[in-house]
Amino acid sequence: MSAADTPIDPLNPVMPDPSALPADSPEWRVKFPHVNYINAHYGIKSWLLTKDHKRIALLYLASVTVFFALGGAYAIAIRLELLTPPGDFVQAHTYNKLFTQHGIIMIFFFLIPSIPAVLGNFLVPLMIGAKDLAFPRINLLSWYIYIAGALFTIWALLNGGIDTGWTFYVPYSTSFSNTYVVVAGLGIFITGFSSILTGLNFIVTIHTMRAPGMTWFRLPLFIWSTYATSLIMVLGTPVIAITILLVALERLAHIGIFDPRLGGDPVLFQHMFWFYSHPAVYIMVLPSMGVVSEIVATFSRKNIFGYSFVAFSSLAIAIFGFLVWGHHMFTSSQSVYASMIFSFVSFAVAIPSAVKVFNWTATLYKGSISYDTPMLYALGFIGLFTMGGLTGLFLAALGMDVHLTDTYFIVAHFHYIMVGGALMGYMGGLHYWWPKITGRLYPEGWGRFSALVIFVGFNLTFFPLFLAGYMGMPRRYHAYAEEFQVLNVMSTAGASILGFGLLIPGIYFLWSMRYGKFAAPNPWPATGLEWRTLSPPPTENFASTPIVTWEAYEFRPIEEMEVIGPAPEQSSRPVPGLTTT
Amino acid sequence: MSAADIHLTDAEQHAATALQHHFDNMEQQRVAGTLGMWVFLITEIMFFGGLFTAYVLYRTLNAASFAAGSSGLNVKMGAANTVVLICSSLTMALAVFYAQTGSRRMQIIFLLVTWALGATFLVVKGFEYAEKFRDNHVPWLNFQWEGKMPPGASVPSIRMFYWIYFVMTGLHAFHMIIGLGMLGFLIYFAWRGRYTPEYHAPVELGGLYWHFVDIVWIFLFPLLYLLGANLTH
Amino acid sequence: MQIPLPKIDLPRLPFTPEQASTIAGHVDALYLYLILITLFFSILVVVLIFYFAVRYRRRTPDEIPPPVEGSLVLETVWTITPLLIAMTIFVWGASLYFALYRPPTDATEIFVVGKQWMWKFQHTEGLREINELHVPVGAKIKLTMTTEDVIHALAVPAFRIRADVVPGRYTYLWFEATKTGRFHLFCTEYCGTNHSGMNGWVVVQDPAEYQAWLSGGASESPAAQGEKLFQSLGCASCHKMDVQGRGPMLIGLYGKPQKLDNGQEVIADDAYIRESILDPQAKRVLGFGSVIAYIHSLAAPQGGGTANTAAPASGSTTTSGIAPDTQRSNPVGPTSPRTQRNTGGAMQPANANANTPRGTPPP
Amino acid sequence: MAEHIVSRKVYFVIFGALIFMTVVTYFAAQIHFQREAINTIIALAIAVTKATLVILYFMHVRYSPRLTWVVVTAGFFWLAIMIVLTLSDYLTRTQSAMPGIK
């Protein structure tokens with residue numbers, strides 16, 4: 001009987017003989033894991049007071065998952081209500097709260113923090129070869145701010161909710177809604193600062209903390225897109241903060257800045273709101289584009305076709321994204337000339353997105369393509385994002401938008417970008433870096449299966465809504481006209497498949513944290529710096545500051561991609577609780 | 001600038017005890033801090049920017065009302081406060097200078113003077129607010145308009161001018177209060193001798209913040225106070 | 001200036017609403033163009049992805065394909081081509097937009113007021129309607145719109161028109177209906193609890209029929225006249241057609257047994273319906289006593305505005321110190337700049353100073 | 001790149017200029033010009049100059065790396081985007097072909 005089979009008595013631990021175990025076998029890894037960021041410290045305090053960007057990423061992962069589940073539950077309720085034309089499942093007032101809260105939670109508490117705060121936090125220092133973000137304490141603070149904002153919002157939800165739509169259009173939100181607008185607004189206001197601090201941290205880190213040799217054009221494309229995202233966070237978020245502040249003041253003290261009865265202008269609110277909220281769409285989808293660039297390169301073992309075009313298209317999207325907000329207001333009584341400017345720039349901003357899609361596709365050419373789960377998500381992303389982007393052209397076209405805006409066409413379009421784009425990228429990224437984050441592999445078969453289920457469920461949910469939209473079905477309708485029912489039944493059926501598909505990864509990710517196979521430092525293999533340290537990485541990421549001498553996505557045989565960090569044998573130490581010393 | 005561009009000797013690196021673990025050297029830490037502060041300041045620009053946008057819009061639409069509203073403000077107090085803030089910016093800059101050159105005593109003196117000037121600003125602001133309250137010019141509490149009514153002006157728009165005045169100066173005053181708290185920290189740590197010519201980033205960053213708040217006022221003063229000054233004659 | 005649009009005769013595509021206005025065919029033509037572009041690019045991308053994914057699938061685990069250099073020519077091509085295509089869409093879309101938002105000068109004006117949660121229409125002849133708009137076929141109609149409370153949006157999918165209705169300002173829409181019939185009309189800017197109930201119909205009639213309707217609708221059937229009364233007397237605000245309102249739903253009621261709140265059951269025949277209209281409390285349907293209980297509670301005289309009785313949202317807890325009735329007692333604005341001439345003071349502005357819309361009323 | 005220490009003399013010169021401009025703007029505002037725009041232009045021109053001096057000298061941007069220049073410019077540029085594009089709606093409404101909006 002070998003030492004590995006001996007049951008260990010936790011009260012009287014006996015040190016097994018290391019020589020009886022083959023080095024770096026699974027048994028070895030259980031008994032002698034290398035010191036990494038997860039096992040370096042124990043106890044709840046070591047997590048809540050951590051300044052390690054990787055641990056903060058996990059804190060974010062846990063919190064956004066909770067909010068995703070909550071937002072998803074609202075989505076299911078909405079789809080159930082829309083199964084039949086009359087409003088029979090919930091009251092109209094309740095339904096209005098459902099879609100408002102679905103929107104607020106999914107946008108401000110899931111999509112905006114998801115990739116930047118979870119994957120970005122984890123990966124930015126690893127990818128550029130730094131020990132941590134530039135301001136670790138501010139990083140932790142931003143998580144606490146996020147939680148504080150979340151608590152405010154949850155308080156508003158528990159106390160009766162909010163029914164203004166996530167867009168908070170005045171004067172409904174300021175003078176007519178009898179719900180918890182100020183509290184929920186305060187929650188979003190606070191959470192905004194979390195987003196600002198995260199973006200600030202990334203910008204400074206990427207500028208000042210790159211490892212020697214890591215020039216701008218050797219950066220992984222994920223870093224470029226995170227950088228572009230951070231620019232939007234920093235430049236846009238303060239505007240939504242002041243806007244919400246003004247809404248609250250208007251509501252509490254009738255300052256009249258938006259209220260026409262006091263000389264204000266409700267359309268000004270829309271300008272200020274969309275100044276942030278349109279670029280916010282790019283906060284959600286740009287990081288996904290970065291993830292997809294990484295995945296496509298790794299799983300076709302090819303350098304990204306037109307690297308610099310993809311890199312600069314991220315910046316172009318971030319910058320031009322600030323010039324197009326008026327396309328949300330074509331029917332709002334905005335000046336027709338202003339509409340023309342905004343429409344024109346909207347078409348211009350479509351180009352960098354198209355360039356990205358073409359470059360990803362071209363990257364596959366003469367590659368060595370494997371169909372691992374992250375790649376399925378990435379390919380799904382390209383297809384769905386293409387659909388979402390092209391339907392965006394419908395909405396940017398002025399005369400067309402008049403017929404389509406505020407219908408289900410809009411709903412379908414932005415879900416193709418938000419779910420088909422941002423969520424697919426997030427799921428792909430989570431699978432791709434899961435071995436690095438946890439040191440364990442997820443079950444590949446289940447991964448592929450759920451990716452397909454999600455893809456099918458997603459399309460069934462949202463494609464019919466394009467048709468319903470063109471037929472004229474208005475959005476945010478609790479009860480709708482009979483002629484739209486067939487499409488809505490399809491959508492609800494799709495939503496149940498989508499919901500089921502999303503449950504599967506939830507289960508196997510949890511399972512794999514304990515039972516998954518151990519991951520090698522570079523399981524795929526990929527080229528980024530993050531793959532040259534151990535899985536999971538040690539607290540300071542690399543044993544010594546890496547010196548980068550290779551270009552981005554320079555694929556070489558795996559033996560040549562040495563691990564910068566202590567070999568597992570050297571760094572091993574017994575699991576606490578099993579030591580005798 | 002990346003770490004690759006930075007070449008410092010080991011001795012220099014280890015000399016600095018204030019170096020945080022994840023930075024390679026003091027220079028990198030200082031550059032990161034400064035850049036971080038500047039990025040923070042542009043978020044502040046955008047934060048105030050929302051109010052400036054509202055101001056510009058409504059002023060364009062209701063120019064007469066805004067001029068009328070402005071004529072009800074106390075230009076002398078506004079100008080006095082402008083001078084106070086400019087003085088405080090000078091003293092703050094000098095405090096940074098003495099931190100850079102390593103004079104603990106002068107540093108503390110100038111930080112204290114800056115603090116006092118900031119407090120003066122707030123006191124004057126307080127008197128101004130009290131005056132507005134006396135004149136029944138506080139929209140939430142007691143707004144009544146009996147002042148100038150040039151052609152084209154309307155009371156709701158004048159009331160809105162006063163709202164914008166209170167929100168903008170209130171937000172600015174809030175930033176001043178935060179600045180005073182920050183100066184308090186700087187004074188305490190300067191007194192403890194924490195800041196040396198090698199490590200004085202907090203003083204420098206505090207200075208950037210203080211000057212930014214000054215700049216906001218430099219714009220608020222003409223936009224709010226001077227707009228209707230010619231009406232009072 | 002009116003940009004003349006060429007005549008377009010496009011057959012109705014699947015999953016599109018009826019084309020019932022002169023502009024509808026143009027919008028559908030642009031739609032078709034956009035669909036073709038979408039199909040072209042998505043099929044291109046999907047086919048390429050599938051082809052590459054199969055053709056270049058990984059054959060050995062340690063295979064490393066040689067890197068491929070980028071191509072400036074390709075990048076330029078796929079930057080410029082989409083840009084050119086996008087510009088064609090932009091020009092087409094913008095010209096339609098101008099056509100949609102420039103009412104012809106010879107159009108007949110109809111005034112529209114949105115209100116939580118109903119549409120009020122007023123013809124220049126003085127006739128008023130709620131949630132239903134009668135127009136003659138082939139006439140150019142210009143809608144001059146505003147709202148009493150929040151932002152609404154008027155949309156008629158069959159006409160492919162839509163515009164927000166903004167408090168404190170007039171907005172405009174125009175259309176020329178090309179076929180008779182009843183077409184859905186929706187509020188499409190979220191406006192509160194009963195947003196989805198804020199819809200109705202545009203009834204397009206032959207000019208002769210329309211004239212008859214204008215002059216009192218003598219030629220209409222009793223049922224149609226009754227419906228008009230049902231709408232105009234406000235019955236419809238509680239007895240709703242599609243959702244359960246404050247009063248019992250009337251669809252499928254006639255001739256069926258009804259449970260009453262005193263435990264009895266009656267057949268909803270002519271006599272019962274007549275009695276219920278004249279004396280609603282005589283036999284009350286089970287579960288609908290709350291409005292009556294509310295009316296009872298009003299027995300003691302109360303001050304305050306009853307001018308606008310739109311009740312606040314259910315469960316009206318006020319969170320922010322704004323009492324719902326203080327918000328509502330000051331409804332904005334007149335129906336239209338011309339109301340005074342047509343209707344006397346019935347729809348005078350409540351607070352002329354604050355409510356003056358930013359724009360000057362049309363001449 | 002080492003830190004640049006600005007001399008005290010520079011600070012005092014800038015301070016003098018700032019105070020001088022404050023006095024000028026104060027008295028210029030009392031003058032009743034025929035066109036009111038002139039008052040605004042003078043006041044704003046002085047404010048922009050003062051802010052620029054503070055940024056360049058008190059905030060050391062003049063002696064800072066190019067990145068700082070970019071950051072500062074970006075901040076004001078984005079503010080300009082917000083104001084200009086918002087006004088592009090309101091100001092072109094006056095020439096709008098939509099009748100009634102004059």
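A note on names: the letters A, B, ... follow the listed sequences, proteins ahead of strands, and every chain is numbered from 1.
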Please say whether more than 12 non-hydrogen atoms of neighbouring residues, nucleotides or ligands are located less than 6.0 Å from [atom1] in [X].
X	atom1	answer
A:W216	CH2	yes
A:Y144	OH	yes
B:Y129	OH	yes

Inset, instruction - Check whether A:A130 gets within reach of chain B through its side chain, its backbone, both or neither, counting any heavy atom under 4.5 Å. - result: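 Contact with chain B: none, neither part.
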Inset, instruction - Please look at A:I196 and chain B and tell me whether the side chain, the backbone, both or neither of the residue comes under 4.5 angstrom of a heavy atom of that chain. - result: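 The answer is the side chain of A:I196.
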Roughly how far, to the nearest 0.5 Å, is the [atom2] atom of [Y] from the [atom1] atom of [X]?
X	Y	atom1	atom2	result
A:L246	B:W163	CG	CH2	10.0 Å
B:L57	A:L268	CG	CG	5.5 Å
A:L231	B:I42	CG	CD1	8.0 Å
A:D259	B:M160	CG	CE	10.0 Å
B:F166	A:L249	CZ	CG	12.5 Å
A:M209	B:F23	CE	CZ	5.0 Å

Measure across [X] and [Y] and return the closest heavy-atom pair with its distance rounded to 0.1 Å.
X	Y	value
B:H22	A:D132	CB-CB, 3.8 Å
B:A54	A:I257	CB-CD1, 4.0 Å
A:L245	B:F47	CD2-CZ, 4.4 Å
A:L235	B:M46	O-CG, 3.3 Å

Inset, instruction - Could you tell me whether the side chain of A:H207 and the main chain of B:A32 form a donor-acceptor pair under 3.5 Å? - result: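 Such a contact is absent between A:H207 side chain and B:A32 backbone.
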Inset, instruction - Taking B:Y58 for its side chain and A:G263 for its backbone only, find out whether a donor-acceptor pair lies under 3.5 Å. - result: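 Absent.
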Legend entry - Beyond-backbone contact of B:L51 with A:I242, side-chain heavy atoms, under 4.5 angstrom: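 Side-chain contact under 4.5 Å: yes.
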Legend entry - 4.5 Å side-chain heavy-atom contact, B:Q20 and A:K51: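 In short, these two side chains do not touch, never coming nearer than 4.5 Å.
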Inset, instruction - May I ask you to name which of A:T205, A:T243, A:V234 has the most heavy-atom pairs under 4.5 Å with chain B? - result: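 Of the candidates given, the most pairs with chain B belong to A:V234.
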Inset, instruction - Could you have a look at A:L197, A:I128, A:L133, A:N201 and say which one has the most heavy-atom pairs with chain B under 4.5 angstrom? - result: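 Of the candidates given, the most pairs with chain B belong to A:L133.
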Inset, instruction - Using non-hydrogen atoms and a 4.5 Å limit, figure out which bit of B:I45 sits close to chain A: side chain, backbone, both or neither. - result: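 For B:I45, no heavy atom lies under 4.5 Å from chain A.
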